[in-house]
Amino acid sequence: MTTLTLNNGVEIPQIGFGTAAIGEWQQDDSFVTDTILKAMAVGYRHFDTASVYGNERALGRAILQSGIPRQELFVVSKVWDTEQGPKTTEAFERSLERLQLDYLDLYLVHWPVPAYTRETWEAMESLHDARKIRALGLSNFRKSDIEQIATFARIKPTYNQLELHPYLVQQEMVDYCQFHKIAVSCWSPLGSGSWSGVETKDKPIVDPVIVALADKYDVSAGQIILKWDVQQGRIVIPKSEKLEHITANFSLWDFELSDEEIQSINALNRDHRFGADPDTAHESNKNVAVPD
Ligand SMILES: NC(=O)c1ccc[n+]([C@@H]2O[C@H](COP(=O)([O-])OP(=O)(O)OC[C@H]3O[C@@H](n4cnc5c(N)ncnc54)[C@H](OP(=O)(O)O)[C@@H]3O)[C@@H](O)[C@H]2O)c1
C-alpha cells in the first residue's frame, strides 16, 4: 500500500475509500457495513466519512467486525457547517461515539464558514493536543480561507479535500496547496456518485481521451483517472459498491502514464463542478442537519 507523509509526519494511504451515499444518502445499515468490509478485504485501510453522511455507525461496525487492528486503519471524518464554532468539540465526540473509536486519524472542516473558522479550528487544535486527532485538515477551502487560517493557527492544516476530476482540474488551487505542503485529496475523483444525479454520459469516465488511454493500457477508465491523480502526488477516495470497481480502483500500480498523457487529461478541464461551490455552499448546507 502506498502512503504519503503529511506535513506533521503522519502517514496516509494514498488510495482511500469514499463512503458518501453507499446505497442511499445517509443510509446506515448492514449494506453499508458489508460494502466497507468488502473494501477492507480488497486491502483498503483509509476510509473517508463525515457526520453529515449519516453512516459513521456503519463504518464503526465494519471496523469492529473486520478485526483489523486500529493502528492499521486511517479513519477520516468531518465537522459539518451546523456543527462548527462552539459546537465543534461536541460534534467531534459524537462522531467518535458513532464510530466506536477513541481517536481519529484526520478530522476535517467540511466546508469553509469564515465566521466560524477560528473557533472551529481552535477546538480542533485542542482535540489534537489531547491526542484525539492525529492530523487536522480542511475540505473545500479556498485560497482566502487558507490565508485566514494562517493568521491564527498554532497547528498548520495538513490536507485539503477538493472536488477534483478531469473536468475540474483546479491547477492553481493544487499548486497553492502543494507549495504550502498541504496534501491534496480528490473528492468525486471519477465525477461524482449517485447523490449528485449526474448521468454517466456527462462524466469524465466516458470521455474519449480517457477511454482511449484505458484501451491502450488495458485497464478501466476509472483506473486511468485515479492514476492521473496518484502520479501527481494526490490522494484519491473513490466510492464504489461493486467489487469489480472496488478492486480496480485499488489496483493502479501495473501501468504508468507519460507526461504527455497526463497533460492530455489536464487539457480536458472545463472548470465544471458536479458538486457545490465553496463560494455559495454554506447557504444550502446550513439547512442540512446531521442525523443523530
Ligand atoms: N468533502 C466533500 O465535500 C465531499 C463531497 C463529495 C464526496 N466526498 C467524498 O469523496 C468520495 C468519492 O466521491 P463520490 O462518491 O461523489 O464519487 P466518485 O468516487 O467520483 O464516483 C462514484 C461513482 O462512480 C462509480 N464508480 C466507482 N468506481 C468505478 C469504476 N472503476 N468504473 C466505473 N464507475 C465507477 C460508482 O458506482 P458503483 O458504486 O456502482 O461502482 C459511483 O456511482 C465520497 O464517497 C466522499 O467520501 C467529499
Side-chain angles (χ1 to χ4, degrees), residues 1-20 22 28 30-51 53 55-79 92-108 124 127-137 139 155 157-161 182-187 189 223 226-227 229-230 233-254:
M1 183 173 28
T2 303
T3 60
L4 298 181
T5 305
L6 298 174
N7 66 28
N8 66 350
V10 167
E11 301 255 308
I12 180 170
Q14 199 174 3
I15 306 176
F17 191 71
T19 67
I22 294 175
D28 192 8
S30 60
F31 176 75
V32 182
T33 299
D34 289 348
T35 304
I36 294 169
L37 282 166
K38 271 189 215 168
M40 288 172 169
V42 164
Y44 291 80
R45 292 293 179 268
H46 163 182
F47 295 88
D48 183 82
T49 188
S51 57
Y53 298 171
N55 60 13
E56 290 176 308
R57 284 193 180 85
L59 173 56
R61 286 192 298 272
I63 290 171
L64 272 182
Q65 287 175 32
S66 73
I68 297 170
R70 173 66 185 92
Q71 68 275 14
E72 290 178 21
L73 293 166
F74 195 95
V75 182
V76 186
S77 194
K78 316 184 186 84
V79 57
F92 172 81
E93 297 291 355
R94 289 290 294 132
S95 283
L96 269 194
E97 224 174 276
R98 288 188 289 252
L99 286 158
Q100 301 188 60
L101 296 177
D102 48 23
Y103 70 92
L104 284 187
D105 296 280
L106 178 60
Y107 194 50
L108 311 179
M124 288 166 60
L127 291 162
H128 184 274
D129 291 344
R131 304 175 79 87
K132 290 185 168 185
I133 309 174
R134 296 176 66 220
L136 303 184
S139 169
I155 302 176
T158 62
Y159 166 113
N160 195 10
Q161 190 179 108
I182 296 171
V184 172
S185 176
C186 312
W187 64 258
Q223 285 170 300
L226 298 172
K227 185 72 177 192
D229 286 314
V230 300
R234 304 194 284 253
I235 295 156
V236 289
I237 47 170
K239 168 263 170 191
S240 175
E241 295 166 18
K242 296 199 177 75
L243 185 58
E244 183 196 340
H245 291 162
I246 294 173
T247 307
N249 296 345
F250 199 67
S251 316
L252 305 178
W253 313 112
D254 293 342

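Heavy atoms only: backbone and side chains are in, while hydrogens, waters and symmetry mates are out.
- Here the side chains of Thr2 and Val230 are not in contact, with every heavy-atom distance at 4.5 Å or above.
- Residues Ile155 and Asn8 are not in side-chain contact: their nearest non-hydrogen atoms beyond the backbone lie 4.5 Å or more apart.
- Side-chain contact between Ile237 and His46 is present, with heavy atoms from C-beta onward closer than 4.5 Å.
- Note that CG of Leu99 and CG of Leu64 are 10.0 Å apart. Values are rounded to the nearest 0.5 Å.
- Residues Leu101 and Val75 form a side-chain contact, since some pair of their non-hydrogen atoms from C-beta on lies under 4.5 Å apart.
- A distance-only check finds no donor-acceptor pair linking the side chain of Asp229 to the backbone of Cys186 [under 3.5 Å].
- Here the rule is side chain to side chain contact (heavy atoms under 4.5 Å, CB included) with Ser139, and of Val79, Val76, Asp48, Leu108 only Leu108 fits it.
- Residue Ile246 holds its CD1 atom at 10.5 Å from CD of Glu244, rounded to the nearest 0.5 Å.
- Between Phe92 and Ile133 the shortest side-chain heavy-atom distance falls below 4.5 Å.
- Between Gly43 and Phe250, the closest heavy-atom pair is O-CZ, 3.2 Å.
- The structure places CZ of Arg234 at 11.0 Å from CG of Leu226, a figure rounded to the nearest 0.5 Å.
- Side-chain contact between Val10 and Leu106: absent, with no pair of heavy atoms (C-beta onward) separated by less than 4.5 Å.
- Of the inter-residue distances, the one linking Leu127 atom CG with Glu93 atom CD reads 6.5 Å to the nearest 0.5 angstrom.
- Rounding to the nearest 0.5 Å gives a distance of 9.5 Å between CG of Leu59 and CG of Asp28.
- Residue Asn160 comes nearest to Ile182 through the heavy atom pair N-CG2, 3.6 Å, listed as atom of the first residue, atom of the second, then distance.
- Contacts of Thr247 classified as side chain to side chain contact (heavy atoms under 4.5 Å, CB included), with partners at least two apart in sequence or in another chain: Val42, Leu243, Ser251.
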Begin from the C-alpha positions of Ile12 and Ile235 and carry the test side chain to side chain contact (heavy atoms under 4.5 Å, CB included) through to its verdict.
-> CA-CA 9 Å; Ile12 180 170; Ile235 295 156; 3.8 Å; yes
What do the steps show when you test Arg70 against Asp105 for salt bridge (Lys or Arg N to Asp or Glu O under 4.0 Å), and what is the final call?
-> CA-CA 10 Å; Arg70 173 66 185 92; Asp105 296 280; 2.8 Å; yes
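- The shortest side-chain heavy-atom distance between Phe74 and Arg134 falls under the 4.5 Å cut-off.
- Shown here for Gln71 and Tyr103, the closest heavy-atom pair between the two residues is CA-OH, 3.9 Å.
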Would you please test Ile22 and Phe17 for side chain to side chain contact (heavy atoms under 4.5 Å, CB included) and show each step?
-> CA-CA 11 Å; Ile22 294 175; Phe17 191 71; 4.0 Å; yes
List the steps, then state whether side chain to side chain contact (heavy atoms under 4.5 Å, CB included) holds for Ser51 with Arg98.
-> CA-CA 9 Å; Ser51 57; Arg98 288 188 289 252; 3.6 Å; yes
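- With salt bridges taken as basic N to acidic carboxylate O contacts below 4.0 Å, none links Arg131 and Asp102.
- Ionic pairing of Arg94 and Glu56 is not present here: no N-O contact between side-chain nitrogen and carboxylate oxygen is shorter than 4.0 angstrom.
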Between Gln161 and Lys78, is a side chain to side chain contact (heavy atoms under 4.5 Å, CB included) present by the stated rule, with each step listed?
-> CA-CA 11 Å; Gln161 190 179 108; Lys78 316 184 186 84; 3.3 Å; yes
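- Side chain of Tyr107 to main chain of Lys132: no donor-acceptor pair is present (N/O by atom type, distance under 3.5 Å, no hydrogens or angles).
- Between Asn249 and Lys242 there is no side-chain heavy-atom pair separated by less than 4.5 Å.
- Within the 3.5 Å criterion, the main-chain N or O of Leu6 finds no donor-acceptor partner in the side chain of Glu11.
- Listed here is the closest heavy atom pair of Met40 and Ser66: SD-CB, 3.5 Å.
- The two atoms that bring Ala50 and Ser77 nearest to each other are CA-OG, 3.4 Å, heavy atoms only.
- In this structure, CD1 in Ile36 is found 6.0 Å from CG in Asn55, a value given to the nearest 0.5 Å.
- When all heavy atoms of Gly137 and Met124 are compared, the pair lying nearest together is O-CE, 3.9 Å.
- Among Lys38, Gln65, Arg57, the one residue that satisfies the side chain to side chain contact (heavy atoms under 4.5 Å, CB included) test with Thr33 is Gln65.
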